[in-house]
Amino acid sequence: MDALPFDYSDYEPKGDKKNSEFFEEYLPKIYDRRAKTGVNDLVGAMKAVVIQVETGDGVPTMAELHRMTPNRYHSSYISGTHKFHVLHNRPEFPAVILMEPLSDSYEDYIRRLNVLYPLSRQKPNTRYVGEVFHCSDTAELQKTLEAQSIRFDYPGDTENDVYTSKGMVFSTPSDFTGNRIGYSNHDFNDPESLALGERVELTEAEKTSLQDGIAFAEKHGLNELMLGYDHMATRILAGEREDAILEFQTMVPYYFWGAYNISDMNSSTNVNRCPIVGDDKQSPAKVFTANNTPSFVNSFENLPMPTEDFVRNYGRRMHHMAVEILDGDHPSNQKNVDYVVGLLGQQGIPFLAHVVGECKDSPDLKQIFSKHSKHTLLITEYIERCKAFDGFFTKSNVAALTEAAGKDERYKHGHVFD
């Protein structure tokens with residue numbers, strides 16, 4: 001597939017986070033190998049994100065997504081182990097696939113991971129699974145990446161056959177992030193082609209619960225203000241930051257945009273973007289956040305470490321997904337993001353702290369985190385890039401958001417602190 005011109009060798013990553021000599025040596029090698037082995041030609045933009053929820057949480061999760069995001073329900077399917085619910089936004093943006101086990105006793109790698117951590121074991125089957133990228137030849141790509149020590153599941157390896165279904169292949173969960181990466185040549189705007197199972201219809205009551213969210217969005221103009229996923233952020237351990245980035249770069253045609261040290265929160269934010277699209281929402285940026293030092297070393301200094309605490313409490317996993325809000329001033333004399341957040345707050349959707357950032361006379365960002373969803377354990381971020389701000393993020397905003405999330409994610413001796 002044709003890619004927009006991008007010279008990986010000539011790009012100078014942004015930021016002030018110092019990377020190791022190991023990282024600086026192998027990143028350009030990975031770029032070069034991707035080009036030579038055809039990965040850049042075989043793999044395209046992100047086409048779907050996959051999330052698993054608990055049995056019975058499928059429809060409530062979709063109702064929440066209808067209210068809090070621009071994703072809208074399309075269709076449902078049933079296999080031997082799961083219901084699958086497909087949601088769409090714009091055709092050029094990734095779809096959302098919700099997986100709902102048919103039995104609450106269902107067990108696969110997700111449950112086995114979740115029970116290891118105190119704040120995820122209460123939702124044992126709930127986890128962000130990973131992304132699916134377009135691939136013109138999945139068999140060829142699988143062969144190519146396996147030669148580079150990337151592992152894939154094969155039929156019989158997993159309890160959930162979707163990971164090995166026709167036309168779709170998934171890597172095994174990453175040792176560094178717990179996330180999978182999938183590849184498919186299917187048209188995700190045509191869920192009938194995905195071979196997820198037999199088509200099933202929602203009940204009238206379920207349809208009504210979803211329609212309420214759509215009506216709410218239409219009434220208040222949210223369909224025009226909520227655009228799509230801008231980025232998604234996974235939290236990992238301090239010592240695995242560079243490995244996670246290099247593994248991801250091995251598997252998809254993204255580039256390492258840069259990394260910033262968020263010293264106030266003893267962490268770093270590391271951004272990877274896709275150069276083959278003209279809009280991040282067509283293939284959202286992948287962000288990895290990690291402590292600057294491991295927790296047992298930080299104990300000498302006793303600095304804040306909300307990022308590492310999250311991993312110790314929930315495991316390596318996706319932390320938040322960011323919805324971009326249309327830049328502009330709302331008729332209510334607010335920035336659009338302030339209007340959206342205020343409206344959702346009136347509907348009982350809880351947020352962490354307040355909107356951070358200023359959007360006045362110069363380019364800037366305004367951002368806020370919701371609280372963790374009780375259905376997905378994910379935070380939804382709302383972000384408005386004011387006056388064509390193109391720096392991706394600001395250190396002060398990230399510090400404020402990280403601090404707010406950390407206060408909400410504390411755990412000690414079996415208790416979550418409110």
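Everything quoted here is computed from the prediction, not taken from an experiment.
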- Item | Steps toward side chain to side chain contact (heavy atoms under 4.5 Å, CB included) verdict (F393, V271) | CA-CA 10 Å; F393 68 90; V271 181; 3.7 Å; yes

- Query: Where the side chain of N266 meets the backbone of M305, is there a donor-acceptor pair that is under 3.5 Å apart?
  - Reply: no

- Judged by modelled atom types alone, do R316 and N179 share a side-chain donor-acceptor pair under 3.5 Å? no

- Task: Indicate the atoms forming the closest heavy-atom contact of T269 with V287, along with that distance.
- Result: CG2-CG1, 3.7 Å

- Sidechain-backbone polar pair: H66 side chain, Y73 backbone, donor-acceptor under 3.5 Å: yes

- Query: Between N185 and D137, is there a donor-acceptor pair closer than 3.5 Å when you use the side chain of the first and the backbone of the second?
  - Reply: no

- Message: Just by distance, no angles: are the side chains of H85 and E100 close enough, under 3.5 Å, to form a donor-acceptor pair?
- Response: yes

- Task: Using modelled atom types only, decide if a donor and an acceptor are shared between the side chain of K123 and the backbone of K374 within a distance under 3.5 Å.
- Result: yes

- Task: Compute whether any side-chain donor of one residue and acceptor of the other, for Y77 and E192, lie under 3.5 angstrom apart.
- Result: yes

- Item | Flag side-chain contact, heavy atom, 4.5 Å: R317 against T234 | no

- Message: Between E107 and R112 (salt bridge meaning N to carboxylate O under 4.0 Å), is one present in this structure?
- Response: yes

- Contacts of T158 that satisfy side-chain contact (heavy atoms from CB on, under 4.5 Å) - sequence neighbours left out: D153, Y163, R180

- Going by atom types only, do E242 and S20 share a side-chain donor-acceptor pair under 3.5 Å? yes

- Message: Can a donor-acceptor pair be found, under 3.5 Å and without considering hydrogens, that links the side chain of S120 to the backbone of N114?
- Response: yes

- Message: Side chains of K395 and M265, heavy atoms from C-beta outward: is any pair under 4.5 Å?
- Response: no

- Message: Test: salt bridge (Lys or Arg N to Asp or Glu O under 4.0 Å). Region: residues 268-295. Which pairs qualify, not counting sequence neighbours?
- Response: E131-K286, R273-D280, D279-K281, K281-E324

- Message: Using a 6.0 Å cut-off, check whether atom CG of N333 has over 12 heavy atoms from anything other than its own residue.
- Response: no

Return a table of donor-acceptor pairs under 3.5 angstrom between the side chains of residues 376-386 and protein atoms on other chains or two or more places apart.
{"residue": "T376", "atom": "OG1", "partner": "S373", "partner atom": "OG", "Å": "3.4"}
{"residue": "T376", "atom": "OG1", "partner": "L378", "partner atom": "N", "Å": "3.1"}
{"residue": "E381", "atom": "OE1", "partner": "H231", "partner atom": "NE2", "Å": "3.3"}
{"residue": "E381", "atom": "OE1", "partner": "H320", "partner atom": "NE2", "Å": "3.1"}
{"residue": "E381", "atom": "OE2", "partner": "Q367", "partner atom": "NE2", "Å": "2.7"}
{"residue": "Y382", "atom": "OH", "partner": "M68", "partner atom": "O", "Å": "2.7"}
{"residue": "E384", "atom": "OE1", "partner": "N336", "partner atom": "N", "Å": "3.3"}
{"residue": "E384", "atom": "OE1", "partner": "V337", "partner atom": "N", "Å": "2.8"}
{"residue": "E384", "atom": "OE2", "partner": "G328", "partner atom": "N", "Å": "2.9"}
{"residue": "R385", "atom": "NE", "partner": "D230", "partner atom": "OD2", "Å": "3.1"}
{"residue": "R385", "atom": "NH1", "partner": "F392", "partner atom": "O", "Å": "2.9"}
{"residue": "R385", "atom": "NH2", "partner": "D230", "partner atom": "OD1", "Å": "2.9"}
{"residue": "R385", "atom": "NH2", "partner": "D230", "partner atom": "OD2", "Å": "3.3"}
{"residue": "R385", "atom": "NH2", "partner": "F392", "partner atom": "O", "Å": "3.2"}

- Y229 side chain to N71 side chain, donor-acceptor N/O pair below 3.5 angstrom: yes

- Message: So which atom in P13 and which in G258 form the shortest heavy-atom distance, rounded to 0.1 Å?
- Response: CB-CA, 4.2 Å

- Item | Donor-acceptor contact below 3.5 Å, side chain R34 vs main chain V252 | yes

- Assign the ring pair H186 / F188 to parallel, tilted or perpendicular, where the plane angle (0 to 90°) is split at 30° and 60°. perpendicular

- Item | Shortest non-hydrogen contact between F176 and I236, atoms and distance | O-CG2, 3.1 Å

- Query: Which class fits the ring pair Y183 and F133: parallel under 30°, tilted 30 to 60°, perpendicular over 60°?
  - Reply: tilted

- Task: Not counting sequence neighbours, which residues clear salt bridge (charged side-chain N to carboxylate O under 4.0 Å, His left out) with E308? List them please.
- Result: none

- Message: So which atom in L210 and which in A63 form the shortest heavy-atom distance, rounded to 0.1 Å?
- Response: CD2-N, 3.4 Å

- Centres of the Y255 and F6 rings: under 6.0 Å? yes

- Evaluate side chain to side chain contact (heavy atoms under 4.5 Å, CB included) for L222 paired with L343, printing each intermediate quantity in order. CA-CA 10 Å; L222 296 183; L343 191 64; 3.9 Å; yes

- Message: Under a 3.5 Å threshold, yes or no: a donor from one side chain and an acceptor from the other, between R312 and N291?
- Response: no

- Closest contact, heavy atoms only, P253 versus P275: O-CD, 3.1 Å

- Message: Test your reading of the model: is there a side-chain donor-acceptor pair from N125 to the backbone of Y106, 3.5 Å cut-off?
- Response: yes

- Message: Check the orientation of F248 and Y254. Use parallel for under 30°, tilted for 30 to 60°, and perpendicular for over 60°.
- Response: perpendicular

- Under the side-chain contact (heavy atoms from CB on, under 4.5 Å) test, which residues partner R151, sequence neighbours left out? T172

- Knowing that exactly one of K366, K387, K335 qualifies, which makes a salt bridge (Lys or Arg N to Asp or Glu O under 4.0 Å) with D327? K335

- Message: Distance alone, cut at 3.5 Å: any donor-acceptor contact between the side chains of N270 and R241?
- Response: yes

- Would you sort out whether T126 and Q52 count as a side chain to side chain contact (heavy atoms under 4.5 Å, CB included), showing the intermediate values? CA-CA 5 Å; T126 298; Q52 181 166 287; over 6 Å; no

- Message: Taking the six-membered ring of Y26 as reference, does the cationic atom of K29 (NZ for Lys, CZ for Arg) lie under 6.0 Å from its centre and within 45° of its axis?
- Response: yes

- Query: Is the count of non-hydrogen atoms from other residues, nucleotides or ligands lying under 6.0 Å from E25 atom CD greater than 12?
  - Reply: yes

- Evaluation steps, side chain to side chain donor-acceptor pair (under 3.5 Å), between Q249 and N272: CA-CA 8 Å; Q249 291 290 340; N272 303 267; 2.8 Å; yes

- Flag, side chain of N298 to backbone of L303, donor-acceptor distance under 3.5 Å: yes

- Across all chains, not counting sequence neighbours, the side-chain contact (heavy atoms from CB on, under 4.5 Å) partners of T394 are D364, L365, F389, S396, N397

- Query: Are any side-chain N or O atoms of T307 and backbone N or O atoms of S267, one a donor and one an acceptor, separated by less than 3.5 Å?
  - Reply: no

- Message: Does this structure show an ion pair linking D32 with K36, if we count only N-O contacts that are shorter than 4.0 Å?
- Response: yes

- Message: Are F23 and F256 an aromatic pair, judged by ring center distance below 6.0 Å?
- Response: yes

- Query: Have Q142 and Y154 got a donor and an acceptor in their side chains that come within less than 3.5 Å?
  - Reply: yes

- Between T177 and F288, is any pair of side-chain heavy atoms under 4.5 Å apart? yes

- For H82 and F84, indicate whether the former's side chain and the latter's backbone hold a donor-acceptor pair under 3.5 Å. no

- Do you see a donor-acceptor pair shorter than 3.5 Å between the side chains of T81 and E159? no

- Query: Where is the tightest heavy-atom contact between T55 and P101, given as atom of each residue plus distance?
  - Reply: OG1-O, 2.8 Å

- Would you call the rings of Y8 and Y31 parallel, tilted or perpendicular, where under 30° means parallel and over 60° means perpendicular? tilted

- Query: Side chains of Y109 and V129: closer than 4.5 Å at any heavy-atom pair?
  - Reply: yes

